[in-house]
Each structure stands twice: as structure tokens, then as C-alpha cells.
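Shown next, in C-alpha cells, is the structure this report addresses.
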Amino acid sequence: MSDEINDLVRQRIEKIEQYRQKGINPYPSRYRRTHAAEQAKGEFKENEKPQVSVAGRLRSKRVMGKASFAHLEDQSGTVQLYARRDDMGGESYDLFKSLDLGDIVGIAGFVFKTNQGEISIHVEKLTLLAKCIRPLPSVKEKDGVLFDEFADREMRYRQRYVDLIVTPKTRQDFIMRSRIITGMREFLTHRGYIEVETPMMQAIPGGAAARPFITHHNALDIDLYLRIAPELYLKRLLVGGFEKVFELNRNFRNEGISTRHNPEFTMLELYEAYADYETMMQIAEEMVSELAAKLLGSMKLEYQGSMIDLAPPWQRASFVELIKKYSGIDFASIASVDEARRAAESIGIKAPGKMGKWEIAGEVFEEKVEPNLVQPVFVTDYPRELSPLSKSREDDPDFVERFEIFIAGREMSNAFSELNDPFDQKARFEDQVRKREAGDDEAQMMDYDYINALEYGMPPAGGMGIGIDRLVMLFVDTASIKDTILFPLLRPEGK
RNA sequence: GAGUCGCUAGCUCAGUCGGUAGAGCAACUGCCUUUUAAGCAGUGGGUCCGGAGUUCAAUUCUCCGGCGACUCACCA
């Protein structure tokens with residue numbers, strides 16, 4: 001708790017003292033309410049006085065002598081309160097007048113309609129439930145327009161609880177996030193998937209190219225890594241005989257923070273035995289478009305000024321052809337690394353010496369292709385060199401059965417037919433180890449136990465990962481990933 | 001990690017070509033028994049992010065530092 005005291009806080013603390021002297025407990029243990037605010041309004045009947053009790057936070061107050069209006073807010077919405085001295089008694093009315101914006105109160109009374117036509121609660125009994133001693137940002141609202149909106153982004157992230165109180169969009173966006181996640185669970189469980197939990201602390205961090213966080217287990221005296229992906233554990237479960245599994249939880253990557261990156265982020269990963277990357281495309285299309293239809297009421301949405309149509313089928317285009325289309329470079333007809341480097345440099349893309357041909361192609365893709373991929377598209381057939389866990393194409397082993405989904409210029413998903421050949425997988429790991437030894441600290445580590453698992457036989461399978469935070473960004477039309485994470489990582493405030 | 005911008009009352013923001021600051025809302029006092037960004041009258045409230053330097057004088061100028069936003073780099 002902050003020890004910062006200003007006059008406004010002091011005044012409210014003094015009110016608490018006054019309440020206590022009058023025998024009013026400013027923090028009572030419980031209050032039984034009969035209705036949520038929105039529900040209470042639904043009880044209105046002409047010429048009747050339906051009794052309700054509600055509880056919530058006082059968000060506005062208009063005292064007009066011996067009568068007052070206020071708005072009470074709970075999670076369901078807001079309801080206006082009407083308090084009259086003659087109906088509740090002087091002492092109780094004085095308490096009402098002394099309330100501050102932000103106080104949490106219980107209200108018992110009857111539902112009626114004001115002259116202005118707003119269904120309200122006529123207060124008969126007021127109970128203080130929690131005194132708010134810190135002043136809230138004084139956001140006001142008329143016809144859905146906010147005045148003096150709480151705008152300090154730093155404060156909104158650091159004190160998300162305040163942001164949630166005063167910024168309706170923040171509340172709505174996180175409810176949307178919850179619905180998306182719930183919707184995904186339903187979608188997958190209805191298809192026979194089971195949800196599993198695999199280690200977040202791993203001795204060998206695998207399944208992605210990223211720098212991990214390191215932690216230490218004291219009793220075993222070993223270093224452990226926070227997982228960068230659950231992939232290798234989920235595929236061990238395919239070996240074990242679970243045929244449809246998913247995990248929807250956090251990954252941790254020790255990398256930069258940006259509008260699109262938070263060190264801990266939420267990923268859906270799913271794996272299905274006897275399926276392949278084509279199956280994953282169908283699941284992605286169906287799941288995302290169904291969620292949009294259900295939660296947004298439309299498969300079209302506006303994201304940062306662009307109209308995006310999520311209705312299936314989504315466009316499909318190969319990695320190589322997209323690069324050719326947007327950069328003019330045809331990597332399929334380029335034989336040497338030097339030639340690839342010259343081609344990239346000719347369009348202003350740097351290609352450091354240790355990069356291979358397809359890594360250079362990856363750079364060109366990021367630079368020239370990604371920003372153009374506004375409508376949903378499956379980018380297919382990645383080079384094997386960039387895909388150490390994907391199964392090679394049978395007709396062209398230099399490429400793999402893999403796709404990434406791009407929407408609004410962002411990678412939303414990565415999926416492939418899973419590499420289940422232990423010999424091939426071991427060779428790919430060895431290749432990664434060489435890159436690692438050459439200084440690529442994002443190359444993957446050898447995982448002999450994973451190879452061991454594959455040696456028992458993993459059924460052919462399709463798998464997919466979907467970045468949840470980014471998908472939520474799309475659905476709630478926000479430019480920063482921080483607006484989809486309740487408590488994004490910020491540097492601690494120095495004192 | 002680099003660059004740009006920002007940090008002034010509880011909140012949203014003005015402002016000071018260097019002479020220690022102002023508005024609206026919020027708060028306090030008074031009036032007001034159907035208001036709703038309520039209204040009217042009055043009052044209080046600030047180490048102007050921190051430190052150092054220049055100066056008679058720094059919130060303002062310079063430098064260093066802190067935190068944030070955005071862009072870039074890394075990445076999903």
C-alpha cells in the first residue's frame with residue numbers, strides 16, 4: 001500500500017473516524033444483495049414498488065439539498081440512485097451526502113422511473129461496505145462519450161484496478177479476452193480434445209527459437225528454464241497415446257518488450273494425431289471465424305482502420321511465391337548463399353555473413369511481405385532450414401508441411417505436420433546445436449529424451465500454436481499487446 | 001539495446017521568451033426535494049519526475065539519471 005497521503009486522502013480518512021464515532025463500520029464483513037444493477041432495472045413495473053437490494057461502487061453523485069441522485073456501478077452495469085431525506089431519515093441521508101466517488105455501498109429500496117425517464121432505485125437503506133480513501137480519476141460520461149478519460153498509460157497499466165474502474169473499454173476488452181479463451185476451450189473440447197498441463201519449468205527449453213528465463217531449484221540445486229513453448233511435451237503425449245491434446249497457458253521469452261511482445265504471453269497449442277497441417281488450417285479457419293461470428297456478431301472486423309474479413313476460406317500462398325510477389329526475388333531459382341545475399345542487399349535488406357540462404361529469405365519475407373498480409377492468409381511451405389520441428393514435404397524435402405497465419409500484418413499462428421521421424425529429428429537438432437555453437441543463442445538445444453520419445457513411435461500428426469494476446473488485439477482493435485494483458489510487465493517504479 | 005517525444009493539483013491539461021504557477025473536473029463550505037458531464041456562490045489544494053550545473057534567481061536553460069509512450073533492433 002502506498003504511504004502517500006495528500007489532503008484528499010486525509011479528508012477521507014477523517015470521514016472514517018467520524019463514521020466509527022457514530023457506530024458505522026466502514027468495512028463491514030458482508031452484504032446480501034438480491035439483484036445486480038442491470039437486473040434491478042429489469043424489475044421495474046408501472047405503479048408498483050418492487051423491492052431490490054444492490055451493491056456496487058458509487059460513480060457519480062448529484063446532491064440537491066434534501067434530495068440526491070447518484071449512479072451505482074457493479075459488474076453488470078449502472079443504476080441510478082435517488083435518495084430523499086424525508087424517506088430515509090436525516091442521519092442516513094447525511095451519510096449518503098458524505099459518500100465519496102468510489103465508495104462501495106449496499107442499497108436497499110424500490111425500483112421506479114424518474115421524470116426524466118430513467119429507471120432508478122429509490123433508496124430506503126444505505127450501507128457503507130468499503131470506504132474508498134483514494135480519489136478516482138474524475139472521468140465523466142455522457143451518451144457514451146467519456147470526458148477527462150484516464151489517459152496516463154503508465155498509470156493505467158501499473159494500477160490496472162483503477163483503469164478497470166474508470167475505463168469501460170478496458171473492462172469490455174478483458175471480458176472479450178475471457179470469452180475468446182472460453183470459446184476456444186469449448187471449440188476444442190467439442191472436437192474431442194483434452195486440455196493438459198505440461199511443465200512450465202523445464203531442464204531443456206525447447207519448441208521455439210527464443211531466449212529463455214533461467215531460474216533455480218534449490219533442493220535439487222539445478223538451473224531450470226521457464227518454458228518458451230510447451231510443444232515438445234505435448235508431442236510426448238501423442239507418443240503416450242493421447243490423440244487430441246491442447247494447452248492454453250503462458251510462455252515466457254526473455255526478449256524485448258514492444259507493442260507486440262510481452263515477456264509472458266499466452267499461447268494455445270494443439271496437437272492432433274492422424275491429422276496434418278491441412279487439418280490445422282481447417283481448425284484455424286473454423287475456430288477464429290466462429291469466434292468472430294459469435295462474439296463480434298460478424299466475421300468482418302475493423303482493426304486499426306483496416307477492414308478484415310475472417311470468413312473462410314482464407315487465402316493460401318507459399319512462402320516462396322509471396323516473397324517473389326512482394327520483393328521480386330525468386331529464391332527457388334537462387335542457388336548460392338552469395339547470390340541470395342546480393343539479391344537481398346539489392347533491395348536494401350542486410351544479410352549478415354553467417355546467414356544461410358533461407359534465413360536471408362526469411363529476412364526478406366519479414367521486411368517486404370508481412371506488412372502486406374492484411375487479410376487472413378496461410379503462408380505455406382516454409383524451407384526446412386527454418387523449421388526444425390516440421391515434417392518435410394514428401395515431394396520436396398527442402399520444404400516442410402508448415403504454415404503461419406498472418407492477419408493485419410502480424411503472425412498469429414504457426415503450425416505444421418509434426419516431424420515424427422526420430423532420425424530426421426535428431427539430425428535437425430544436431431544442426432541447431434551447430435548453429436548454437438556458432439553463436440546463435442536462439443537455436444534450439446538437443447533434447448535426447450524427446451528423441452527417445454519419438455523412438456517409441458509418434459503417430460503422424462498436425463499441430464498448431466496460436467498467440468492469444470495478438471488474436472485478442474485483433475478482436476478488441478487495440479494497437480498494443482499491453483491492452484490485452486491485465487498486468488503487463490513494466491519496470492518497477494524506482495523510489 | 002538505440003532514437004524521438006513526454007512527465008506541472010487526485011484526474012485531464014494550459015503556462016512560465018528564467019522572477020517558485022493556472023483552468024475544468026474531483027475535494028471542502030453554503031444554497032438547492034426528479035437531477036444526470038446537475039446548477040449557483042465561495043474556499044483550499046502543487047519539493048512543476050529526481051540530481052547536478054549555469055545564474056542574483058531554475059518548474060523553465062544545460063548535463064546526468066528515473067519511468068512511460070512511440071519507432072527501430074530481437075521475437076510471437
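By convention in this document, chain letters (A, B, ...) are assigned in the order of the sequence lines, proteins followed by strands, and residues within each chain are numbered from 1.
Atom P of nucleotide rA9(B) and atom CD of Gln11(A) are separated by 17 Å, given to the nearest angstrom. Between the CZ atom of Arg59(A) and the P atom of rG10(B) there is a distance of 19 Å, rounded to whole Å. Nucleotide rC72(B) holds its P atom 12 Å from the CD atom of Glu366(A), rounded to whole Å. Between Leu146(A) atom CG and rC11(B) atom C1' there is a gap of 13 Å when expressed in whole angstrom units. Following rounding to the nearest Å, Arg10(A) (CZ) and rA27(B) (P) show an atom-to-atom distance of 18 Å. The CE-P distance, from Met412(A) to rA76(B), rounds to 14 Å in whole Å. The nearest whole Å value for the distance from the CD atom in Gln80(A) to the P atom in rA38(B) is 10 Å. Following rounding to the nearest Å, Ile121(A) (CD1) and rU34(B) (C1') show an atom-to-atom distance of 16 Å.
One finds a side-chain N or O of Arg491(A) lying less than 4.0 angstrom from the OP1 or OP2 phosphate oxygen of rC67(B). Here Lys142(A) reaches the OP1 or OP2 of rA37(B): one of its side-chain N or O atoms lies under 4.0 Å away. Taking only side-chain nitrogens and oxygens, Arg62(A) comes nearer than 4.0 Å to OP1 or OP2 of rA38(B). Residue Arg153(A) places no side-chain N or O under 4.0 Å from the OP1 or OP2 atom of rC7(B). Between Ser68(A) and the phosphate of rU35(B), there is no side-chain N or O to OP1/OP2 separation shorter than 4.0 Å. Regarding contacts with the backbone of rA38(B), every side-chain N or O of Lys61(A) stays at 4.0 angstrom or more from both OP1 and OP2. Between Lys482(A) and rA69(B), a side-chain N or O to OP1/OP2 separation shorter than 4.0 Å is present.
Checked by distance alone, Ser60(A) brings no side-chain donor or acceptor within 3.5 Å of a matching partner on the base of rU36(B). Side chain Glu118(A) to base rU35(B): no donor-acceptor pair is found below 3.5 Å.
Salt bridge annotation for Glu38(A)-Lys41(A): present, with a cationic side-chain nitrogen under 4.0 angstrom from a carboxylate oxygen. A salt bridge between Asp163(A) and Arg160(A) is present, with a side-chain N of the basic residue lying under 4.0 Å from a carboxylate O of the acidic one. Salt bridge status for Glu73(A) with Arg171(A): present, with a side-chain N to carboxylate O gap under 4.0 Å. Ion pairing between Lys49(A) and Glu124(A) fails under the 4.0 Å rule for side-chain N and carboxylate O. Classification of Asp100(A) and Lys61(A) as a salt-bridged pair fails, no side-chain N sitting under 4.0 Å from a carboxylate O.
Using a 4.0 Å heavy-atom cutoff across all strands shown, Arg260(A) reaches at least one base atom of the nucleic acid. Counting non-hydrogen atoms under 4.0 angstrom, Val139(A) reaches nothing in the nucleic acid. No engagement by Asp469(A) is indicated, since no non-hydrogen atom pair under 4.0 Å with the nucleic acid exists. Nucleic acid contact for Asn262(A): base, since at least one base atom lies under 4.0 Å from a heavy atom of the residue. Residue Gly256(A) is in base contact, counting any heavy-atom pair closer than 4.0 Å across all strands shown. Using a 4.0 Å heavy-atom criterion, one finds that Ser413(A) contacts no nucleic acid atom at all. Using a 4.0 Å heavy-atom distance criterion, Glu411(A) is classed as a sugar-phosphate-only contact.
Which of rU12(B), rA27(B), rU34(B) sits closest to the side chain of Asp100(A) comes down to rA27(B). Between rC25(B), rC70(B), rC74(B), one nucleotide has an atom nearer to the side chain of Asp148(A) than all others, and that is rC25(B). With distances taken from any side-chain atom of Met64(A) to the nucleotides rA37(B), rG1(B), rA38(B), the minimum falls on rA38(B). Closest to the side chain of Ser138(A), out of rA76(B), rA69(B), rA26(B), is rA26(B). The side chain of His71(A) lies closest to rU36(B), out of rG10(B), rU36(B), rU34(B). With distances taken from any side-chain atom of Tyr82(A) to the nucleotides rU34(B), rU36(B), rA38(B), the minimum falls on rU34(B). For Ile481(A), whose side chain is taken as the heavy atoms from C-beta onward, the closest listed nucleotide among rA76(B), rA27(B), rU36(B) is rA76(B). Proximity note for Phe147(A) (side chain, C-beta onward) versus rC67(B), rA26(B), rA37(B): the nearest is rA37(B).
Phe265(A) qualifies as a stacking partner of the rA76(B) base, centre to centre under 5.5 Å and near-parallel within 30°.
Of the possible donor and acceptor atoms, one in the side chain of Ser60(A) sits under 3.5 Å from a partner among the backbone N and O of His71(A).
If you find the closest nucleotide of RNA chain B to Lys140(A) and to Glu264(A), the one lying nearer the 5' end belongs to Lys140(A).
Look at rA2(B): its Watson-Crick or wobble partner, with both distances under 3.5 angstrom, is rU71(B). With a cut-off of 3.5 Å on both pairing distances, rU60(B) has no Watson-Crick or G-U wobble partner at all. Using the Watson-Crick or G-U wobble rule with both distances under 3.5 Å, rU54(B) pairs with nothing in any strand shown. Checking rC11(B) for Watson-Crick or G-U wobble geometry (two distances, each under 3.5 Å) identifies rG24(B) as its partner. Checking rC40(B) for Watson-Crick or G-U wobble geometry (two distances, each under 3.5 Å) identifies rG30(B) as its partner.
Taking the six-membered ring where the residue is Trp, Tyr82(A) and Phe112(A) present tilted rings, their angle falling between 30° and 60°.
Checked against Tyr382(A) for a ring pair (Phe, Tyr, Trp, His ring centres under 6.0 Å), the options Phe319(A), Trp358(A), Phe416(A) give a single hit: Phe319(A).
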